[in-house]
Number of protein chains: 4
Amino acid sequence: MAINNIQALFAESLNELELTDKQKAVLRASLTLFSEKGFNNTSTSDIAQMAGVSEGTVYKQFKTKEGILAAIIGPFIQRVVPKAAHEFTEAVITPPYPDFSRFLETVIKNRMDFAVDNMPQLRIVLQEAITNQEMLTGLGHLLDNLISGPLGTAFRHYQRSGELIKWPLIRIARYLVTTVMGYVLPAALANQPINTNQASKEAAEFLIRGLTP
Amino acid sequence: MAINNIQALFAESLNELELTDKQKAVLRASLTLFSEKGFNNTSTSDIAQMAGVSEGTVYKQFKTKEGILAAIIGPFIQRVVPKAAHEFTEAVITPPYPDFSRFLETVIKNRMDFAVDNMPQLRIVLQEAITNQEMLTGLGHLLDNLISGPLGTAFRHYQRSGELIKWPLIRIARYLVTTVMGYVLPAALANQPINTNQASKEAAEFLIRGLTP
Amino acid sequence: MAINNIQALFAESLNELELTDKQKAVLRASLTLFSEKGFNNTSTSDIAQMAGVSEGTVYKQFKTKEGILAAIIGPFIQRVVPKAAHEFTEAVITPPYPDFSRFLETVIKNRMDFAVDNMPQLRIVLQEAITNQEMLTGLGHLLDNLISGPLGTAFRHYQRSGELIKWPLIRIARYLVTTVMGYVLPAALANQPINTNQASKEAAEFLIRGLTP
Amino acid sequence: MAINNIQALFAESLNELELTDKQKAVLRASLTLFSEKGFNNTSTSDIAQMAGVSEGTVYKQFKTKEGILAAIIGPFIQRVVPKAAHEFTEAVITPPYPDFSRFLETVIKNRMDFAVDNMPQLRIVLQEAITNQEMLTGLGHLLDNLISGPLGTAFRHYQRSGELIKWPLIRIARYLVTTVMGYVLPAALANQPINTNQASKEAAEFLIRGLTP
DNA sequence: AATGAATGAGGATTCATTCAT
DNA sequence: TATGAATGAATCCTCATTCAT
């Protein structure tokens with residue numbers, strides 16, 4: 001069973017950082033608050049309070065407030081996403097999917113579940129991406145890596161088999177990402193649940209129509 | 001030629017507010033700074049400095065910093081978008097478009113140009129929408145209005161003529177918005193230009209494939 | 001008929017200052033606002049607004065906000081009170097009162113009416129007296145003047161006639177002022193009306209008991 | 001020996017609030033400054049400076065400047081005055097006073113000492129009472145409580161024994177308060193000392209005359 | 001004389017951060 | 001390690017005052 005939840009992976013990285021329970025509580029509280037109110041609207045005293053910890057403790061491990069943000073987002077971007085991508089690759093490649101349609105549906109379901117399971121982080125990343133160019137660049141690279149990596153391989157495979165239109169991969173990826181986001185973002189922003197089963201089926205249906213030659 | 005630029009329409013509303021040159025400078029500076037650094041990371045002294053004005057002047061017309069935000073976003077949401085929607089309606093309805101393909105391309109080009117022409121506002125709205133539920137709701141209503149208004153009419157027309165798939169309008173609208181956003185958002189976030197001619201052609205091509213029965 | 005109303009006398013001094021209608025309106029508004037909210041809690045823009053005047057006009061005649069206060073309180077202390085005292089003297093001396101009791105009642109009624117007619121000024125003076133030593137000194141001098149003036153003459157007269165206890169005049173004056181204030185101050189502070197007829201009768205009754213040998 | 005000093009009782013309540021030395025210094029400085037210059041004319045930076053503390057510390061315990069005022073005045077009104085009243089009751093009731101004259105003298109001395117010992121608070125309350133209706137109401141209730149409480153009991157006792165005139169208690173209380181205030185207020189306002197021994201004797205002498213049948 | 005836009009110093013308040021215990 | 005008191009710079013905002021028109 002694949003771990004499709006950053007919280008779980010996150011816990012690992014936190015352990016590697018040798019965090020005490022209180023410091024982990026700080027991160028958990030920060031995750032919640034940053035996600036709900038935004039980084040700027042969250043004070044370190046808010047964090048301390050929600051974590052049931054003194055303000056001093058907040059600064060023991062993480063030198064600055066931005067340090068906390070980095071400790072939350074860093075793993076998400078630098079370690080967790082690629083790791084998840086790797087799992088995703090395996091899930092995709094290992095059992096060769098019968099056709100593009102099934103493949104697409106699986107990919108979409110996979111990513112939607114991922115998003116749903118990590119909404120708080122997603123919200124934080126969204127917020128920061130708008131004003132933080134560095135993060136934006138990072139996100140761009142992620143997409144590039146996906147295309148030049150396992151996803152690209154799969155795409156080319158289906159293009160050769162005539163099931164996928166012969167547009168540049170980047171264009172295909174854009175529609176894929178974009179369509180998934182069309183379901184995920186509204187839910188993330190409004191903090192509402194999604195039925196990922198139905199949503200992924202719908203999205204796949206549309207994408208198949210749009211991307212089949 | 002329709003005015004497809006909020007700055008222009010915005011100027012009108014500003015004039016109606018009877019703002020002095022300095023007060024307009026305050027709004028211009030705020031627009032720029034909010035867009036670049038975010039509302040929270042922009043101080044009123046930043047604004048005053050960029051506007052070449054004293055801090056007192058910043059507060060003469062707009063009672064609070066949030067008031068400035070409202071003065072920027074309000075017209076965007078409450079007056080300009082509907083107005084733009086109206087123009088867009090005319091553009092759509094008046095000369096009955098030969099086919100759905102042309103219609104779609106026009107709509108998309110129209111909205112992309114609109115977005116490109118108002119990137120700073122778009123960025124600000126995006127930022128705020130994440131933490132401000134009120135704004136989020138407002139945006140939702142906008143979409144509803146479009147569907148129950150002119151856009152919905154057009155959609156139903158093309159559904160009857162057999163050129164548009166008979167999905168719920170809200171689903172069709174989602175893919176439309178989503179696909180356009182797929183081009184606009186990256187540009188907005190990275191502050192990069194788009195070639196709206198090519199982008200709208202590409203987007204329309206994909207959407208036609210996905211939405212034709 | 002004696003003018004027992006500072007507003008009326010005030011009007012004169014204002015005329016002598018050659019104030020325009022608007023500037024008078026400034027003083028009237030200031031009187032009201034200072035009395036209700038206090039000097040510190042009244043902004044010059046409050047004044048301008050209530051006076052129906054621009055902020056600039058507020059400063060045309062009165063160089064500073066304190067200048068307005070002075071223009072209100074000055075006449076009260078420096079000109080109006082002595083003037084009223086003079087009238088009061090006449091009322092007292094001219095028709096030699098049959099006995100101390102009647103005299104006292106008249107004096108008290110006279111002063112209570114005066115206070116009631118000028119409550120706003122009274123409130124302002126009270127406020128300022130607490131933090132403004134200068135004003136406090138001024139008030140002290142007023143009392144001295146009364147005693148060394150007409151009131152003292154009358155007191156000595158009734159002491160000689162055996163109707164008034166032979167305490168130092170300052171002590172007698174203290175009880176007089178104090179007892180009147182006991183009726184006036186609560187009303188002034190709570191902005192409530194007094195029945196000066198009954199109040200002065202009560203006060204006189206008590207004072208007669210306390211001050212008759 | 002009864003504690004007749006709010007500063008002392010105040011110290012208790014402060015301890016209960018678990019204030020640090022610096023925070024107590026903030027209250028002490030505030031007491032002094034509010035009393036001398038008035039609440040409005042005292043800035044939080046004034047307080048910080050006099051307390052030898054940073055401005056941040058001023059706000060650690062008391063969330064707002066008004067909070068400091070409340071922390072000074074609250075105990076005075078809500079806890080200390082009733083407590084003092086209780087002590088005063090005992091002092092009055094326990095050893096049945098030989099006559100009304102002695103009773104009165106004791107009461108007056110007691111209250112005058114109380115006032116003298118707490119002049120700063122008295123000044124602050126006076127200032128605020130003028131513009132703050134809430135406080136005014138509170139003061140009114142205090143008087144009511146006194147009359148319906150121990151003081152009223154004593155008054156009725158002496159009325160029955162024929163030593164106190166049979167006026168309504170509220171009227172008698174007015175003259176009592178008023179006469180004491182006649183000695184206390186000028187001293188409080190001018191920040192001058194009183195000889196409470198002589199003053200209370202004088203005041204009692206006058207009141208006895210005025211209130212004996 | 002009157003306006004009202006503009007000023008900028010100052011005020012209350014917040015908050016990330018430090019440090020002695 | 002954890003605490004939480006303390007800091008002080010920074011922030012939003014107010015307001016008395018000035019001045020060009």
Side-chain angles (χ1 to χ4, degrees), chain A residues 18-23 26 40-49 51-68, chain B residues 18-23 25-26 40-48 51-68, chain C residues 18-23 26 40-49 51-68, chain D residues 18-23 25-26 40-48 51-68:
Chain A
E18 293 191 16
L19 297 179
T20 66
D21 284 353
K22 299 215 167 192
Q23 287 163 350
V26 167
N40 278 293
N41 297 316
T42 300
S43 71
T44 50
S45 110
D46 287 342
I47 296 172
Q49 201 170 344
V53 142
S54 75
E55 282 204 60
T57 298
V58 173
Y59 279 84
K60 214 54 190 210
Q61 184 67 37
F62 315 101
K63 307 304 182 195
T64 67
K65 196 182 157 195
E66 299 240 333
I68 304 176
Chain B
E18 296 190 18
L19 298 178
T20 64
D21 286 352
K22 299 215 168 190
Q23 287 164 350
V26 166
N40 277 296
N41 298 315
T42 301
S43 73
T44 51
S45 108
D46 287 343
I47 296 173
V53 144
S54 75
E55 273 206 72
T57 297
V58 172
Y59 281 87
K60 252 294 156 31
Q61 186 67 37
F62 315 100
K63 308 305 181 196
T64 67
K65 195 182 155 198
E66 298 235 336
I68 304 177
Chain C
E18 294 190 18
L19 298 177
T20 64
D21 286 352
K22 300 217 166 190
Q23 287 163 350
V26 167
N40 277 295
N41 298 316
T42 301
S43 71
T44 49
S45 111
D46 287 341
I47 297 172
Q49 202 170 344
V53 142
S54 76
E55 283 204 58
T57 298
V58 173
Y59 280 84
K60 214 53 189 212
Q61 185 64 38
F62 315 101
K63 306 304 182 195
T64 67
K65 195 184 158 195
E66 300 239 334
I68 303 177
Chain D
E18 294 192 17
L19 296 178
T20 64
D21 287 351
K22 300 216 168 189
Q23 286 164 353
V26 167
N40 277 295
N41 298 315
T42 300
S43 73
T44 50
S45 107
D46 287 342
I47 296 173
V53 143
S54 75
E55 274 207 71
T57 298
V58 173
Y59 280 86
K60 250 302 157 25
Q61 186 66 37
F62 315 100
K63 308 304 181 197
T64 67
K65 195 181 155 197
E66 298 235 334
I68 304 177

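Chain letters run A, B, ... following the sequence lines, proteins first, then strands; residues in each count from 1.
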Next item on the list: Starting from P on F/dA16, measure out to CD1 on C/I68 and report it in whole angstrom.
Entry: 9 Å

Notebook entry, point to check: Sequence neighbours excluded, which residues qualify as side chain to side chain donor-acceptor pair (under 3.5 Å) partners of A/T57?
Noted result: A/S54

Checklist line | Side-chain N or O of C/S54 closer than 4.0 Å to phosphate OP1/OP2 of E/dG4 | finding: no

Next item on the list: For F/dA5, take OP1 and OP2 only and decide whether either is under 4.0 Å from a side-chain N or O of D/Q61.
Entry: no

Notebook entry, point to check: A/D46: what forms a side chain to side chain donor-acceptor pair (under 3.5 Å) with it, not counting sequence neighbours?
Noted result: A/K37, A/S43

Checklist line | Earlier contact from the 5' end, DNA chain E, for C/D21 and D/D46 | finding: C/D21

Item checked: Those residues that, when tested against A/N41, pass side chain to side chain donor-acceptor pair (under 3.5 Å) (two or more places apart) -> none

Margin query: Closest approach to the side chain of D/V53, judged atom by atom: which nucleotide of E/dT3, F/dT7, F/dT3 is it?
Written below: F/dT7

Item checked: For DNA chain E, the dot-bracket pattern of Watson-Crick and G-U pairs whose distances stay under 3.5 Å, | for other-strand partners -> .||||||||||||||||||||

Check: Considering residues at least two apart in sequence or located in another chain, which fulfil the side-chain contact (heavy atoms from CB on, under 4.5 Å) criterion with D/T64?
Finding: D/E66

Checklist line | Distance, nearest 0.5 Å, that separates CG of B/L19 from CZ of B/F62 | finding: 5.0 Å

Checklist line | Distance in angstrom units between C/Q49 CD and F/dC15 C1', rounded | finding: 14 Å

Next item on the list: Take nucleotides 15-21 of chain E nucleotide by nucleotide from the 5' end and write B, S or -, depending on whether a protein heavy atom sits under 4.0 Å from the base, only from the sugar-phosphate, or from neither.
Entry: -BBB---

